[in-house]
Amino acid sequence: MTAPPRNVAVVGSGYVGTTIAACLADVGHEVTAIDIDESIVEQINAGEAPIHEPGLQELIASTAGDTLTATTEHDAIRDADVTFLTVQTPAREDGSLDASALTAATKDVGEALADVEDYQLVVVKSTVFPDVLESAVVEPLESRAGPIGESVGVAVNPEFLREGTAVNDFIDPDRIVIGADSDTRAIEELRAVYDRLYDLDSVPVLETNRKEASLIKYASNTFLAAKVSLINDIGNICKEYGVDAYTVAEGIGLDDRIEAQFLRSGVGWGGSCFPKDTAALVAGAKAASYEPPMIEATIEVNERQPARMLALLDHHVDVTDQPVAVLGLAFKPGTDDTRHSRAIPIIEELLDRGATGRGYDPRPGARTAMEERFDSLEVVDSAQAAMTDAVGACVVTDWPEFSELDEEFDAMAEPVVIDGRRIIDPPETVIYEGLTW
Ligand code: UGA
């Protein structure tokens with residue numbers, strides 16, 4: 001650790017921004033977290049994490065009021081050596097990127113930097129398409145703060161943090177991508193920030209241009225989503241032939257070129273990233289008159305998995321006017337985020353069939369979100385309550401507690417369990433179907 005502490009601003013305090021701000025403050029940088037939401041700012045200043053991420057609360061509690069300060073005022077950017085943009089870039093209806101929040105934040109940054117004479121670096125962490133990078137970041141910044149590469153630098157430094165392990169992923173990255181169009185000051189400044197956090201001789205650092213860095217983020221998420229969809233496609237074939245897709249996955253995962261991660265087949269992927277980024281890549285391709293068949297198929301396979309789950313349920317039981325348990329509402333374990341959770345299409349389909357959907361998730365936040373989303377969903381606070389008298393149970397999220405279910409099966413009216421995540425250890429009395437095994 002050689003570089004002196006830097007003055008860092010982080011604009012946007014979602015799970016990425018808050019994690020980055022807390023981790024950088026923890027290694028001694030003077031960090032200002034900026035958000036337009038006053039309640040988030042108050043929470044951070046009070047030493048409380050505004051979101052749940054393992055390890056984050058401890059980091060914020062130990063740095064708030066010391067190296068970490070939060071504010072709604074963009075003036076703090078004037079004193080920053082480096083400003084990270086970590087604003088959300090959600091999807092529009094047509095899948096294309098909604099860059100309005102990013103554009104607004106960049107304008108605020110540009111205005112704050114307007115009459116600052118020293119070179120300052122703006123680092124884009126938000127996921128943006130190359131053309132949007134120009135229109136939402138480069139142009140608004142340049143028109144306010146001066147020529148890019150002279151008064152102000154712009155680097156694209158995508159994040160690869162997973163929800164639920166964001167702190168660990170930031171502290172222990174498998175690579176750092178810096179897209180800076182050969183602006184050596186930008187590269188040096190960003191390296192100086194990370195130097196206090198990482199041994200930069202052992203973490204691979206890839207220097208690219210800004211457009212390449214933007215696309216590396218999309219390509220990474222799309223590749224991972226495609227890997228899951230491909231194993232799901234193969235898994236569906238396995239199911240038809242009475243073959244266990246997890247054994248097949250183990251067999252192929254031993255090939256170094258394929259690798260074992262992201263080969264868990266089942267009900268598919270959700271969350272705030274894969275659905276948004278695959279859709280944006282398709283929209284971006286089409287805007288350039290290219291139809292990307294692999295990425296479209298990646299999405300299509302994912303959209304079909306919930307229907308396959310319900311077809312298995314239909315095979316064993318008529319759910320009309322009957323309660324059916326939906327076990328797991330969050331898009332994956334370790335989070336209460338229900339965005340694009342596979343539980344959503346499962347519940348929709350169950351309600352369409354006239355069933356009484358009974359949802360349960362260990363996280364209260366996930367339960368509340370689904371309660372708000374579906375008027376007619378019964379949301380209960382235990383797996384036992386969801387399963388009692390139910391004619392079936394669909395397992396949608398691989399929460400570890402579901403592997404402990406046992407006597408709960410006895411309380412079901414019909415013990416039919418369709419497992420979309422290979423988490424259930426079924427007793428012999430249960431009619432058990434794995435989605436791809
Ligand atoms: C994903 C990427 O993994 C991160 O690298 C990236 O930084 C992040 O998106 C982002 O763009 O911000 P995340 O959405 O938090 O992270 O979740 P993952 O752990 O990747 O899981 C995504 C979905 O795939 C989940 O629904 C999970 O259940 C599903 N999945 C994952 C499978 O169905 N099978 C697998 O083998 C792996």
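What you see is a predicted model, and the numbers here were worked out from it, not measured in a lab. In what follows, every heavy atom counts, from backbone to side chain, and hydrogens, waters and symmetry copies are set aside. Just follow the structure's listing: the first ligand is 1, and inside any ligand the first atom is 1. Sequential numbering from 1 along the given sequence is applied to the chain's residues.
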So which heavy atom in the protein is nearest [atom], and how far is it from that ligand atom?
atom                    : answer
atom 2 (C) of ligand 1  : Asn221 OD1, 3.5 Å
atom 31 (C) of ligand 1 : Phe262 CE2, 3.5 Å
atom 22 (C) of ligand 1 : Phe274 CE2, 3.6 Å
atom 23 (C) of ligand 1 : Trp269 CB, 3.6 Å
atom 36 (O) of ligand 1 : Arg264 N, 2.9 Å
atom 19 (O) of ligand 1 : Lys332 NZ, 2.9 Å
atom 28 (O) of ligand 1 : Arg421 NH1, 3.4 Å
atom 16 (O) of ligand 1 : Arg162 CG, 3.5 Å

Would you call the rings of Trp269 and Phe274 parallel, tilted or perpendicular, taking 30° and 60° as the class edges?
perpendicular
Lys217 bridged to Glu159 by N-O distance under 4.0 Å
yes
Are Asp314 and Arg353 within salt-bridge range, i.e. N to O under 4.0 Å?
yes
Does ligand 1 have any atom that is closer than 4.0 Å to a heavy atom of Gly271?
no
Show, in sequence, the C-alpha distance, side-chain angles and deciding distance for Glu53 and Arg162, and conclude whether the salt bridge (Lys or Arg N to Asp or Glu O under 4.0 Å) test is met.
CA-CA 10 Å; Glu53 270 301 324; Arg162 288 163 298 174; over 6 Å; no
Quick one: do the Arg422 and Ser403 side chains pair a donor with an acceptor below 3.5 Å?
no
Is there a donor-acceptor contact under 3.5 Å linking the side chains of Ser265 and Thr436?
yes
Lys217 neighbourhood, listing ligand 1 atoms whose heavy-atom distance to it stays under 4.0 Å:
7 (O), 10 (C), 11 (O), 12 (O)
